[in-house]
Visitor: 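Below is the structure I would like to discuss, written out as structure tokens.
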Amino acid sequence: MPGYNARELMAIAAARKINDGEIVFCGTGISMLAAMAAKHICAPNSIIIFETGAIDSQLEEIPMAVGDSRVMLGASSNSGLADSFALMQNRTTGRHVVGILGAAQIDLFGNLNSTVVGDYDRPSVRFAGSGGAADVASFVDRTLIFMQHERRKFVSNVDYLTSPGWLDGPDGRRKAGLPGNGPAAVISNLAVMGFDDATREMFLEAYFPGVTPQAVLDNMEFTVDLSRARELEPPTERELRILREIVDPQRLILGG
Amino acid sequence: MPGYNARELMAIAAARKINDGEIVFCGTGISMLAAMAAKHICAPNSIIIFETGAIDSQLEEIPMAVGDSRVMLGASSNSGLADSFALMQNRTTGRHVVGILGAAQIDLFGNLNSTVVGDYDRPSVRFAGSGGAADVASFVDRTLIFMQHERRKFVSNVDYLTSPGWLDGPDGRRKAGLPGNGPAAVISNLAVMGFDDATREMFLEAYFPGVTPQAVLDNMEFTVDLSRARELEPPTERELRILREIVDPQRLILGG
Amino acid sequence: MDTSSEKVMDLKTAVARFVPDGAHISIGGFTCNRNPMAAVYEIIRQRKTGLHLYAHSNGQGVDELVGAGCVARVEIAYAGTGRFAPTCIRFRKAVENGTIAVEDYSNYQMTLRFLAGAMGVPFLPTRSALGTDIIRRWGFSEALRRSNPRLPNEKLVVMDNPFGGWAETDRVVLVPAIRPDVTLLHVQKAGRDGTARIEGLTFADVEQAKAARHVIVTCEDLADAGELRAHPHLNQLPGILLDAVVHVPHGAYPTACYRYYDYDPAFLNDYRTAATDDERYTRYLRDWIFEPSDHREQHARIPEGRLAAIQADPHTGYAKGLKR
Amino acid sequence: MDTSSEKVMDLKTAVARFVPDGAHISIGGFTCNRNPMAAVYEIIRQRKTGLHLYAHSNGQGVDELVGAGCVARVEIAYAGTGRFAPTCIRFRKAVENGTIAVEDYSNYQMTLRFLAGAMGVPFLPTRSALGTDIIRRWGFSEALRRSNPRLPNEKLVVMDNPFGGWAETDRVVLVPAIRPDVTLLHVQKAGRDGTARIEGLTFADVEQAKAARHVIVTCEDLADAGELRAHPHLNQLPGILLDAVVHVPHGAYPTACYRYYDYDPAFLNDYRTAATDDERYTRYLRDWIFEPSDHREQHARIPEGRLAAIQADPHTGYAKGLKR
């Protein structure tokens with residue numbers, strides 16, 4: 001077992017996918033680690049924004065929620081939800097935004113459920129709901145999705161489609177009237193999955209060191225193409241140091 | 001000739017029509033005098049707002065335009081056009097707003113033209129245009145109109161309908177989809193005109209001291225009911241003192 | 001709204017006057033920040049019932065109103081309190097037990113619905129959630145909507161762009177305006193005349209207040225109106241919009257108030273534990289909300305040192321290095 | 001927009017780079033306040049032509065751009081400069097002579113059109129001007145609209161409320177979004193990173209900037225970004241929205257800049273006199289705009305004592321007792 005845990009690897013794998021100069025929409029938890037780490041690893045000119053209205057925050061401590069006062073620190077401007085979502089819906093700015101999301105369920109085309117398990121009218125499990133996820137997934141040109149890799153979470157059909165991925169395939173978003181694109185990648189605790197440029201179906205891009213492609217499939221209700229799969233490069237010393245010493249020294253998100 | 005000029009009388013006649021507790025939407029010029037005078041004469045709890053976003057301004061000097069920095073002084077809040085017009089369109093607040101407007105032409109139903117004389121596509125005279133007038137006339141429950149009393153200004157048909165009065169009569173605004181009401185009164189340099197509750201047609205309410213009802217008619221293209229006409233009470237010493245000493249000591253609007 | 005220049009009253013009076021049973025209400029703040037908690041606790045203390053609650057991500061306040069049984073229906077985007085409760089626990093129980101009716105929207109849709117109410121228009125357009133179950137599935141039945149004049153007949157309306165492809169848009173979804181009977185906010189500073197100033201993120205507080213027929217604001221500091229009016233562009237709410245100003249220091253506790261105090265992680269963790277068990281939650285309601293007769297008595301029960309620990313650092317606006 | 005952190009350049013470069021002939025532009029401010037006049041004069045100096053101008057009541061800047069022949073088409077609500085020019089004189093001449101095409105809207109409609117552009121939606125609804133010629137009469141022909149992809153096919157669209165009578169509304173008028181190629185603003189403070197702070201009324205500056213593809217901001221003070229970021233809720237524009245920051249003290253002269261200086265009544269009265277006569281106006285353009293090579297040379301021509309007379313009083317933000 002190498003000297004890092006799955007969360008650390010997930011945060012680093014996501015951080016590597018953030019391009020310099022991008023506007024990074026951040027949710028809570030591990031997505032904040034990825035956004036903060038990216039600024040030090042590969043995207044020094046990336047900018048962090050929150051749906052609550054904080055634009056270009058200079059985070060010093062990990063916020064526990066996007067409403068945490070910590071997101072306000074050193075921002076270029078702090079306003080409110082209306083401005084933040086308008087920035088993402090506006091095509092001039094929205095085109096540069098990469099959104100980092102999570103969900104309870106995901107399907108082959110990257111559609112997300114964060115609302116209920118079971119029947120919507122009488123759910124067996126109720127989750128928090130969309131929050132800003134459906135908005136971000138509708139507006140921006142690139143999204144990265146964090147998932148726990150379990151069979152009940154990678155499902156053939158989501159119980160409730162909260163946030164649009166590629167909907168029913170290549171033409172799904174255009175038919176629905178959505179701008180932007182569906183997910184670029186899914187980062188789980190076992191692997192990194194991409195979406196095929198032609199079919200918009202999920203495929204295995206890289207499996208974590210010590211994980212087999214078959215183990216990835218065994219934990220999904222649907223199957224994905226394995227032909228492009230390779231082992232993910234393990235985190236470097238530098239990446240781990242940034243994550244542990246600069247981003248989350250209190251290990252509030254990374255855990256014990 | 002009594003010891004006051006027509007502008008002073010117009011300002012006072014309008015001020016008398018402002019109710020205590022009303023939110024007074026102010027344009028430039030004489031409408032500001034009326035709103036400022038009303039606070040001292042009859043409506044101590046009236047509040048002055050400007051389309052530029054100043055709410056409850058505490059004016060110390062006469063603004064030369066609604067964009068003049070003087071409108072910002074001591075306001076409860078200063079924001080922008082979007083908020084100011086929303087306050088008027090919003091029925092909870094808009095219902096309490098009295099708008100003071102002026103125009104180049106007015107018709108029997110109080111519809112206003114502040115855009116062109118002649119054909120719109122090749123006007124003989126071009127004016128500034130609606131500004132916020134059409135918005136205010138559309139949204140609020142009471143408007144007061146200042147006019148120069150000339151035949152070419154009180155016309156059978158306005159050359160361009162910029163701001164809605166009662167449109168074509170009692171049911172005009174409802175049919176068009178407008179909230180609120182048309183004008184409550186027109187104050188000219190000769191008289192004060194009201195609008196009939198049933199027909200919504202203009203009628204002569206009061207003629208200025210020294211002016212005959214016939215003289216009022218002679219200066220209009222259309223005729224109005226004279227049966228309810230009386231002579232306007234001349235300004236009191238107190239009203240004149242307020243106007244001259246408190247409101248416009250520099251006589252920027254009252255003139256020489 | 002109220003054009004008078006004196007709005008100060010106590011919290012009991014404000015809630016009794018403007019929050020009747022069955023009222024349609026909204027509360028300010030976001031997840032664990034600047035919820036009007038003192039007002040929420042007073043609503044619970046007065047045992048209001050049948051409330052219709054409009055929320056985007058109003059967090060802790062929503063869960064306590066639902067948990068105390070004050071709420072019949074909620075229109076909401078997100079019921080969570082960050083890491084302290086990824087899904088609000090009493091909210092989750094109430095939905096799973098079918099004791100409250102829920103209608104789901106997104107955060108931007110709820111924000112636009114408040115903005116539409118503030119602007120005095122029946123709807124606003126967006127492209128959010130096209131193609132999703134947020135548009136396809138209704139939580140409130142068509143029958144309920146048609147029988148209740150306080151609800152729009154449609155949850156959402158999808159429409160083709162009447163300006164052709166203008167602005168590269170073929171289709172939009174129209175979200176219906178919200179007009180709450182009352183919106184309750186907690187802010188840093190307010191004047192007796194109702195002029196209110198929020199520091200830091202405003203979330204959707206301003207839209208929520210302007211959409212409402214009545215507004216109750218609790219504040220950390222009851223400021224001199226003249227001081228607030230010396231810089232009017234820093235005031236988000238003009239006095240005429242407010243019906244009640246109540247001076248309640250720590251009025252957002254246990255949620256945060258930027259530049260004044262942080263959220264209380266100890267309280268929020270204890271709350272989570274209490275919320276997971278009905279008996280414990282009943283004791284929580286009794287000890288923390290019903291027994292104390294008002295905010296002052298309630299806050300006398302906050303363990304020694306807690307408020308000192310969450311005191312905001314003047315530079316950052318939160319409690320640096322707070323044990324979370 | 002531009003995510004880089006260094007936006008400072010000179011005015012010549014900014015205008016040359018972001019304001020090509022035929023560009024669709026909008027300028028900030030209102031009538032005689034905070035118009036980006038230095039930028040307007042530079043546009044004139046570079047003899048830009050065929051501009052499509054979007055304005056609500058942008059006043060002096062509009063009249064000078066029109067008067068200098070830079071503008072082909074204008075969509076506008078109000079062309080006046082308060083008491084100094086109830087109707088802007090060169091604008092009036094241009095319309096009466098048919099040398100510019102005009103489309104009329106109301107101030108709120110224009111504000112909503114910028115807001116729609118900022119929000120990324122094709123239109124916004126209002127009830128303003130229903131039943132008026134603003135809706136019935138088009139200044140731009142249907143032919144022009146259909147032949148020019150930069151113009152929406154319809155001036156306005158009247159629509160029944162798809163939510164029935166929701167919000168006591170039967171009908172609304174939809175106003176089409178505006179997406180200027182560039183918006184030019186003058187503000188009190190901006191940082192090298194583009195963070196911009198406006199003091200006092202913002203008019204529609206924020207909506208105009210967010211609607212545009214590019215934003216040029218001139219400022220009285222080039223502030224330290226750290227100082228501006230210490231109070232982010234006072235900044236209306238985040239740095240990423242700006243393409244150019246230009247340090248131009250008195251950049252709004254002869255219009256006002258709240259807390260810095262007042263409008264110059266002497267200049268505006270002289271302007272009115274010049275504007276009423278074509279020959280005098282030609283001399284005005286030569287002496288005040290074309291001969292000086294830049295803002296600094298231009299301001300060297302301001303008569304002694306003028307700037308001192310309009311210096312703002314720190315308490316009121318304007319020049320108390322100014323001879324007007």
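Computed from heavy atoms alone, side chains included, the values below leave out hydrogens, waters and symmetry copies. Labels below follow one simple rule: chain letters A, B, ... track the order of the sequence lines, proteins then strands, and each chain is numbered from 1.
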Visitor: When rounded to the nearest 0.5 angstrom, what distance separates OG1 in A:T115 from CD1 in C:I134?
Guide: 6.0 Å
Visitor: If you count heavy-atom pairs under 4.5 Å with chain A, which of C:I135, C:T316, C:L115, C:T126 comes out on top?
Guide: C:T126
Visitor: Going by atom types only, do A:S69 and C:D262 share a side-chain donor-acceptor pair under 3.5 Å?
Guide: no
Visitor: Start with the C-alpha distance between C:F91 and A:R126, add both sets of side-chain angles, then the distance that settles side chain to side chain contact (heavy atoms under 4.5 Å, CB included), and finish with yes or no.
Guide: CA-CA 9 Å; C:F91 167 83; A:R126 171 72 207 200; 3.6 Å; yes
Visitor: Can you measure from OH (C:Y318) to CD (A:E60) and round to the nearest 0.5 angstrom?
Guide: 5.0 Å
Visitor: Side chain from CB out, backbone as N, CA, C, O: work out which of these in A:S79 comes under 4.5 Å of a heavy atom of chain C, or both, or neither.
Guide: backbone
Visitor: Does any heavy atom of chain A fall under 4.5 Å from the side chain of C:F203, the backbone, both, or neither of them?
Guide: both
Visitor: Report the distance from atom CG of C:D133 to atom CG of A:D159, rounding to the nearest 0.5 Å.
Guide: 10.0 Å
Visitor: Determine the minimum heavy-atom distance between C:F84 and A:M64, stating which atoms define it.
Guide: CE1-CB, 4.1 Å
Visitor: Less than 4.5 Å to any heavy atom of chain A: does that hold for the side chain of C:V102, its backbone, both, or neither?
Guide: both
Visitor: Pick from C:D205, C:L201, C:T87: which one has the most heavy-atom pairs with chain A under 4.5 Å?
Guide: C:L201
Visitor: Heavy-atom pairs under 4.5 Å with chain A are the metric here; pick the option from C:R259, C:K320, C:E207 that has the most.
Guide: C:K320
Visitor: Under the ring-ring contact (aromatic ring centres under 6.0 Å, His included) rule, what pairs show up with a residue in residues 58-79 of chain A, not counting sequence neighbours?
Guide: none
Visitor: Select one option (side chain, backbone, both, neither) describing which atoms of A:L73 are under 4.5 Å from chain C's heavy atoms.
Guide: side chain
Visitor: Any idea which of C:G321, C:A167, C:C257 has the most non-hydrogen atom pairs under 4.5 angstrom with chain A?
Guide: C:G321
Visitor: With chain C, which of A:A134, A:G27, A:S114 has the greatest number of heavy-atom pairs at distances under 4.5 Å?
Guide: A:A134
Visitor: Give the minimum heavy-atom separation between C:G131 and A:L161, together with the two atoms involved.
Guide: O-CD1, 3.9 Å
Visitor: Highest number of heavy-atom pairs under 4.5 Å with chain C: which of A:M72, A:R70, A:Q89?
Guide: A:R70
Visitor: Which pair of non-hydrogen atoms, one from A:Y160 and one from C:D104, has the smallest distance, and what is that distance?
Guide: OH-CB, 3.9 Å
Visitor: Quick check on salt bridge (Lys or Arg N to Asp or Glu O under 4.0 Å): which of A:R95, A:R174, A:R91 does C:E168 satisfy it with?
Guide: A:R95
Visitor: Where on A:L167 is there a heavy atom nearer than 4.5 Å to chain C: the side chain, the backbone, both, or neither?
Guide: side chain
Visitor: How long is the straight-line distance from CG of A:D135 back to CG of C:L112, given to the nearest 0.5 Å?
Guide: 8.5 Å
Visitor: Check each atom of A:S138 against the heavy atoms of chain C and say whether the ones under 4.5 Å are side chain, backbone, both or neither.
Guide: side chain
Visitor: Pick from A:A128, A:A65, A:G177: which one has the most heavy-atom pairs with chain C under 4.5 Å?
Guide: A:A128
Visitor: Atom NZ in A:K175, atom CZ in C:R171: separation rounded to 0.5 Å?
Guide: 10.5 Å
Visitor: At a 4.5 Å cut-off on heavy atoms, which part of A:F127 comes close to chain C: side chain, backbone, both, or neither?
Guide: both
Visitor: Parallel, tilted or perpendicular, judged at 30° and 60°: which one describes the rings of A:F85 and C:Y108?
Guide: tilted
Visitor: How close do A:D68 and C:N33 get, heavy atom to heavy atom, and via which atoms?
Guide: C-ND2, 3.9 Å
Visitor: Which region of C:C32, side chain (C-beta onward) or backbone (N, CA, C, O), has a non-hydrogen atom less than 4.5 Å from a non-hydrogen atom of chain A, or is it both or neither?
Guide: side chain
Visitor: Under 4.5 Å, counting heavy-atom pairs only, tell me which of A:G29, A:S77, A:A54, A:S130 racks up the most with chain C.
Guide: A:S130
Visitor: Could you look at C:S106 and say if it's the side chain, the backbone, both or neither that has a heavy atom under 4.5 Å from chain A?
Guide: both
Visitor: At a 4.5 Å cut-off on heavy atoms, which part of A:R122 comes close to chain C: side chain, backbone, both, or neither?
Guide: side chain
Visitor: Go through A:A176, A:A75, A:G131, A:G172 and name the one with the most non-hydrogen pairs under 4.5 angstrom from chain C.
Guide: A:G131
Visitor: Check whether A:S84 gets within reach of chain C through its side chain, its backbone, both or neither, counting any heavy atom under 4.5 Å.
Guide: neither
Visitor: What's the shortest heavy-atom distance between C:L130 and A:L178, and which atoms?
Guide: O-CD1, 3.5 Å
Visitor: A:G67, A:G129, A:G74: which one forms the most heavy-atom pairs within less than 4.5 Å of chain C?
Guide: A:G67
Visitor: Write down the atom of A:L252, the atom of C:R324, and the distance for their closest heavy-atom approach.
Guide: CD1-NH2, 3.0 Å
Visitor: Quick one: which of C:K93, C:R136, C:Q109, C:R83 has the most heavy-atom pairs under 4.5 Å with chain A, could you say?
Guide: C:R83
Visitor: Is the number of heavy atoms from other residues, nucleotides or ligands within 6.0 Å of CG (A:N157) greater than 12?
Guide: no
Visitor: For the residue pair C:Y258 and A:N78, confirm or rule out a side-chain donor-acceptor distance under 3.5 Å.
Guide: no
Visitor: Is C:D160 close to chain A through its backbone or its side chain, or both, or neither, when contacts mean heavy atoms under 4.5 Å?
Guide: neither
Visitor: Counting only heavy atoms closer than 4.5 Å, note whether A:V125 contacts chain C via side chain, backbone, both or neither.
Guide: both
Visitor: Quick one: what part of C:Q236 sits under 4.5 Å from any heavy atom of chain A, side chain, backbone, both or neither?
Guide: neither
Visitor: For A:A133, is it the side chain, the backbone, both, or neither that has a heavy atom closer than 4.5 Å to a heavy atom of chain C?
Guide: neither
Visitor: Using non-hydrogen atoms only, which part of C:T202 is less than 4.5 Å away from chain A: side chain, backbone, both, or neither?
Guide: both
Visitor: Given heavy-atom pairs under 4.5 angstrom as the criterion, report whether the side chain, backbone, both or neither of A:E61 touches chain C.
Guide: both
Visitor: Check whether any side-chain heavy atom of C:R137 sits under 4.5 Å from a side-chain heavy atom of A:V116, and report yes or no.
Guide: no
Visitor: Which atoms of C:L322 come close to chain A, meaning under 4.5 Å heavy atom to heavy atom: side chain ones, backbone ones, both, or neither?
Guide: both
Visitor: Given a strict heavy-atom distance threshold of 4.5 Å, which part of A:N90 is in contact with chain C: side chain, backbone, both, or neither?
Guide: neither
